[in-house]
Q: 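Sending over a structure as structure tokens; questions will come in a sec.
Everything quoted here is computed from the prediction, not taken from an experiment.
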Amino acid sequence: MTPETIPRSHPKPRARWLVPGALILLSLVPVIAGAVRLTDLVGGRVTRENTRFFDSPVPVLIHIPAVTLYLVLGAVFYDLPPLDGPLLLVFRLVFGSAMVTCLVLGFVAVRRRNYVRHSEWMSRAYAIGIAQGTIVVVTVPWILLMGPVDELTRALLIGASWVISLLVAEFFIYRRAHAPEGQIRPTFRAPSY
């Protein structure tokens, strides 16, 4: 069977809104933060945290509405590929929630001026996001060696990609934390919007 010929079951109308609703819920954190940032910029409310955005507001004024539109429309209109099943959906919800949690904890840490913890949480969030690239590194060799994937194998390979990315991030976080005294401890500084 090719992906085009795989029969698709159509969920009940109420169940069809479960995934988009969950995605929109996950999107609320960046959407609300973006709305606050835009309100500050448009209203001229300058604070110590947002001064840099007043120096160059155009990228922020373009970025926030574009991301908001992408998050909302992507959640509602994106149809799942034929090999995406319930396990992969659970993985996406778990790792998506973990990414949002890492971003929130990173934000809290930087507000407390704990730049080491901020760097650690942002590294974890970045690892979850960059796992989309890790999926290719994990899946292509599998397909070359084992052949096409089925629904379960695809879910497990994608889940493994997130785990691998997070393990690499944890390795570097551990290495930075245990670097000998006097050695430069590089920190990842993600942009904060």
Q: Compare every heavy atom of His118 with every heavy atom of Gly106, then report the nearest pair and how far apart it is.
A: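 In terms of heavy atoms, the two residues are closest at O-ND1, 2.8 Å.
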Q: Residues two or more places apart in sequence or in another chain: which of them pass side chain to side chain contact (heavy atoms under 4.5 Å, CB included) with Leu166?
A: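 Leu166 satisfies side chain to side chain contact (heavy atoms under 4.5 Å, CB included) with Phe95, Arg124, Ala127, Ile128 once adjacent residues are dropped.
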Q: Can you check side chain to side chain contact (heavy atoms under 4.5 Å, CB included) on Asn114 and Val116, steps first, answer last?
A: CA-CA 6 Å; Asn114 189 336; Val116 171; 3.9 Å; yes
Q: List in chain and number order the residues that pass side chain to side chain contact (heavy atoms under 4.5 Å, CB included) with Thr47, two or more places apart in sequence or in another chain; answer none if no residue qualifies.
A: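 Thr47 satisfies side chain to side chain contact (heavy atoms under 4.5 Å, CB included) with Arg45, Glu49, Asn50 only.
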Q: Indicate, with yes or no, if Ile158 and Val163 share a hydrophobic cluster defined by side-chain heavy-atom contacts under 4.5 Å among Ile, Leu, Val, Met, Phe, Trp and Tyr.
A: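 They do share one cluster, since a chain of ILVMFWY contacts under 4.5 Å joins Val163 to Ile158.
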Q: Determine whether Leu167 and Trp121 fall in the same hydrophobic cluster, where Ile, Leu, Val, Met, Phe, Trp and Tyr are linked whenever their side-chain heavy atoms lie under 4.5 Å apart.
A: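 Looking at the clustering, Trp121 is in a separate group from Leu167.
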Q: Among residues at least two apart in sequence or on other chains, which ones pass side-chain hydrogen bond (donor to acceptor under 3.5 Å, both in side chains) with Arg117?
A: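 Per chain and number, Arg117 pairs via side-chain hydrogen bond (donor to acceptor under 3.5 Å, both in side chains) with Glu120.
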Q: Identify every side-chain donor-acceptor pair in residues 138-151 under 3.5 Å, counting partners at least two apart or on other chains, and give the distances.
A:
{"unit_1": "Thr139", "atom_1": "OG1", "unit_2": "Ile135", "atom_2": "O", "d": "2.8"}
{"unit_1": "Asp150", "atom_1": "OD1", "unit_2": "Leu152", "atom_2": "N", "d": "3.4"}
{"unit_1": "Asp150", "atom_1": "OD1", "unit_2": "Thr153", "atom_2": "N", "d": "2.8"}
{"unit_1": "Asp150", "atom_1": "OD1", "unit_2": "Thr153", "atom_2": "OG1", "d": "2.6"}

Q: Is there side-chain contact between Val36 and Leu38, with heavy atoms separated by less than 4.5 Å?
A: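 Not in contact.
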Q: Does Ile173 share a hydrophobic cluster with Met99, counting links as ILVMFWY side-chain heavy atoms below 4.5 Å and allowing steps through other members?
A: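 No, Ile173 and Met99 fall in different hydrophobic clusters.
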Q: Where do Ser123 and Arg176 come nearest, in terms of heavy atoms and distance?
A: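 So the two residues come closest at OG-NH2, 3.4 Å.
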Q: For Arg112, check side chain to side chain contact (heavy atoms under 4.5 Å, CB included) against everything at least two apart and list the hits.
A: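 With neighbours one apart ignored, the set is Val108.
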Q: Please say yes or no: joined through hydrophobic side-chain contacts below 4.5 Å, possibly via intermediate residues, are Leu88 and Leu156 part of one cluster?
A: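 Yes.
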Q: Applying the 4.5 Å side-chain criterion to the ILVMFWY set and letting contacts propagate, would Val137 and Phe91 be lumped into a single cluster?
A: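 Val137 and Phe91: separate clusters.
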Q: Would you give the length of the straight line joining atom CG of Leu87 to atom CZ of Arg92, rounded to the nearest 0.5 angstrom?
A: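 Reported to 0.5 Å precision, the distance equals 11.0 Å.
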Q: What pairs with Phe172 under side chain to side chain contact (heavy atoms under 4.5 Å, CB included), at least two apart in sequence or on another chain?
A: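 Expected list: Val168, Arg175.
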Q: Is it true that a side-chain atom of Thr101 and a backbone atom of Ser97 form a donor plus acceptor pair closer than 3.5 Å?
A: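 Yes: the side chain of Thr101 pairs with the backbone of Ser97.
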Q: Output, in order, the C-alpha distance, side-chain angles, deciding distance and verdict of side chain to side chain contact (heavy atoms under 4.5 Å, CB included) for Met122 and Phe107.
A: CA-CA 9 Å; Met122 296 309 286; Phe107 176 76; over 6 Å; no
